[in-house]
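In what follows, a structure is listed as structure tokens, so that the remarks can point back to it.
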Amino acid sequence: MSSGGCSIVWFRRDLRVEDNPALAAGVRSGAVVAVFIWAPEEEGHYYPGRVSRWWLKNSLALLDSSLRSLGTSLINKRSTDTVSSLLDVVKSTGATQLFFNHLYDPLSLVRDHRAKEVLTAQGIRVHSFNADLLYEPWEVNDDHGHPFTAFSAFWERCLSMPYDPESPLLPPMRITSGDVSRCSSDKLVFEDESEKGSNALLARAWSPGWSNADKALTTFLNGPLLEYSKNHRKADSAATSFLSPHLHFGEVSVRKIFHLVRIKQVVWANEANKAGEESVNLFLKSIGLREYSRYMSFNHPYSHERPLLGHLKFFPWVVDEGYFKAWRQGRTGYPLVDAGMRELWATGWLHDRIRVVVSSFFVKVLQLPWRWGMKYFWDTLLDADLESDALGWQYISGTIPDGREVDRIDNPQNSPRSLVGYKIQLMKFHFHPFFFFLQFEGYKFDPNGEYVRRWLPELARLPTEWIHHPWNAPESVLQAAGIELGSNYPCTIVEIDAAKARLEEALSEMWQLEAASRAALENGTDEGLGDSESIPIAFPDDLQMDLDYEPERNNANTVRHYEDQMVPSMASSVFRVEDEEASLDLQNSAADSRAEVPINLVNQELRREVVNPGNMQIGRINGTLPQFNVSTGMRNGEDSTAESSSSSSGRGIVPVWSPSASTYSEQFVGEESGIGTNSSYLQRQQQSHQLMNWRRLSQTG
DNA sequence: GTGAACTTCCT
DNA sequence: GGAAGTTCA
């Protein structure tokens, strides 16, 4: 029912015309104005990295040309305030409706909710849809109606839901363009001069854009998918789908992938093609992990900044800039790790297996704070994806709940013996697979050393026998290969045995701290002890790659720009908000005197962004911070203006932040419940935290 | 009812 | 490989 005015279709990470529910609904409602708003400052320190911006630029160009062939074009807006820009577009086009597809990262959840509120208040009808997932997060629950807390159970349920995911929609036949004569389109700049040279190389390997994504999908389905299971262990194989960057920007619909893969599954099942079936299941699992990452982000919106299991709060991370740099540059002395890091820097891509290798090394051997690693991935990966990367790093760090710890996490009421459970859990994650793997098994990813030789030419002449552990090679062999350890290839930055010992120490320290904190809680003493989570917020100042270690970068002027990607210093960001909210926090802490695990600065940081993304104020209601509400209240169309796609159970739901308390996720590491006390702690600690910057931290490490 | 043994689960 | 859930004597 078109009401005279046109409709805005707001594109974000759904850069496709096929199976795009928001676009389809907009087109159905009449004339359409398609809009993309570029407001990267709103992303805070998750300002997209260079390669990611390159992708976006190209993807948008393709979307625009597709829209043009259908009868309209893409209006681009450069903005520091997405919601204001939306309003501007509404006003200049006389639009009466807004259509968009859901996103699930914490910032989008807040921003989109605000957009909906603001536009609705202006009399605009807002409709939002699921275009990114097989099922919306709130559709998938266990038998008790609670969200799942373990991936496997979650995925099993997804695959056996009583109704199938929506069938993919065809692209619109044509689009009637709304009146954009008074709505200008900005020229968006996604790369500066210094970045163009590096980016030029990307185009040789990648083709962004929805139609290319579709080709990549077809290629994969007709080729590598069959061998996916067999090949996916190899670092080098071409068996990956290479769909992840396409998926990140929504150039291809997960539901389309799912449907097509399932067709293959049926065919191969009929043929009793075991390898094919296994491959399909494995590939679907990777789709499932992507779904789960959104699920986690929705249910635990702090999961990109805070461990979901509390014990890691007490892990004494090694805050060592030198280690961090060596890891980034691929100079750790572990060939497989170094090869991976150099490939990442040179190409923006890393095979999934190698991601696990380098990130495990980061967390378990170097024991650097995982958020640094995650941030570096964010800056360098072509398919950087907040939710997926958060899930991945939390997994590597062993902080993903496995479904049993849920009701004991950070809950003072629980019996001390649950500690044992944590302990073992973490020991398992840390010790078991990795050290073994590093020493003996790593080679199965790259049995012939081809991968290492490609990315570490200095090791190319080393016989395969030694290629993964040159430190064991006889001197004569090294000499013959032209290698001098410590000179043209580094000695191991940390030896395995030393790392193992240090890890044991670190873990026991962690348990002591946790026990002490627990004891303090039981005594009603405040705060407890050390909180290593205050580290990860800081990010070293000089995240500059040394140019001589960048194989693909011959131009000395192509210095990477990190200023815009810098994690704000604590002094400059957290405390500004703190000041504004000082009085409130006092109230909160008085009301919430129940002793809590101490402050989590990370939480403060998210809060800063959430409360104040790009200088827009999101109101606090009743003196509390916006909290994420997954309670059932909003299921019943608390939001009457929103209309979900056509999902039978999904109608009326838009992911929403609201001040209402009592969410399931409270059970995790004080996501909500900790806010009040955290703030008060912060306030009291203000002085000391203000002084804390990277340098100071590095001295303590 | 109770504890031992067995099963199942673990991005 | 440890712990919660289940079965069985």
Side-chain angles (χ1 to χ4, degrees), chain A residues 104 133-134 137 140 142-144 146-160 232-233 240 244 247 281-300 302-312 350-364 370-371 373-374 377 381 383 385-409 411 414-437 500 503-504 507 511 665 667-669:
Chain A
Y104 308 90
L133 297 174
L134 300 177
V140 186
D142 66 17
D143 294 337
H144 307 287
H146 294 304
F148 286 96
T149 53
F151 167 71
S152 56
F154 163 81
W155 187 230
E156 200 179 313
R157 175 59 57 93
C158 285
L159 291 174
S160 60
H232 94 292
R233 287 180 175 281
T240 40
S244 56
L247 272 168
N281 289 333
L282 200 63
F283 178 69
L284 285 181
K285 187 179 160 193
S286 70
I287 297 288
L289 284 168
R290 180 182 173 282
E291 297 269 314
Y292 193 57
S293 73
R294 270 75 181 154
Y295 191 76
M296 292 293 275
S297 177
F298 179 81
N299 287 310
H300 313 289
Y302 296 98
S303 63
H304 66 303
E305 311 206 295
R306 307 171 61 186
L308 287 172
L309 286 185
H311 52 231
L312 261 250
L350 216 44
H351 188 283
D352 180 59
R353 295 288 104 193
I354 303 298
R355 292 181 200 207
V356 171
V357 170
V358 300
S359 55
S360 296
F361 185 84
F362 186 92
V363 169
K364 294 164 189 178
W370 61 272
R371 285 192 59 217
M374 188 179 130
F377 269 24
L381 275 173
D383 60 358
D385 183 280
L386 198 56
E387 297 97 307
S388 291
D389 291 348
L391 182 66
W393 281 91
Q394 294 241 17
Y395 165 61
I396 296 299
S397 307
T399 57
I400 295 283
D402 73 355
R404 292 189 295 275
E405 292 86 350
V406 181
D407 55 344
R408 337 183 279 198
I409 292 164
N411 186 345
N414 289 326
S415 67
R417 96 193 140 79
S418 62
L419 252 184
V420 182
Y422 289 162
K423 228 178 257 190
I424 308 311
Q425 178 82 9
L426 201 72
M427 299 288 259
K428 176 184 72 182
F429 267 106
H430 276 295
F431 280 156
H432 216 34
F434 196 62
F435 289 112
F436 184 72
F437 144 80
K500 213 166 181 173
L503 185 53
E504 283 187 74
L507 286 172
W511 297 125
S665 57
Q667 295 169 22
F668 284 93
V669 200

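The sequence lines fix the lettering, A, B, ..., with proteins before strands; numbering per chain opens at 1. Computed from a predicted model, the values in this text were never measured in an experiment.
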Whole angstrom value for the distance that separates [atom2] of [N] from [atom1] of [X]:
{"X": "A/Lys285", "N": "B/dC10", "atom1": "NZ", "atom2": "P", "value": "10 Å"}
{"X": "A/Tyr292", "N": "B/dC10", "atom1": "OH", "atom2": "C1'", "value": "11 Å"}
{"X": "A/Glu156", "N": "B/dT8", "atom1": "CD", "atom2": "P", "value": "13 Å"}
{"X": "A/Asp143", "N": "C/dG5", "atom1": "CG", "atom2": "P", "value": "14 Å"}
{"X": "A/Phe151", "N": "B/dC10", "atom1": "CZ", "atom2": "C1'", "value": "12 Å"}
{"X": "A/Asp142", "N": "B/dC9", "atom1": "CG", "atom2": "P", "value": "14 Å"}

Nearest-0.5 Å distance, CZ of residue A/Phe148 to OH of residue A/Tyr295: 6.0 Å
Residues forming a side chain to side chain donor-acceptor pair (under 3.5 Å) with A/Ser286, sequence neighbours excluded: none
Sequence-distant partners of A/Glu291, salt bridge (Lys or Arg N to Asp or Glu O under 4.0 Å), two or more places apart: none
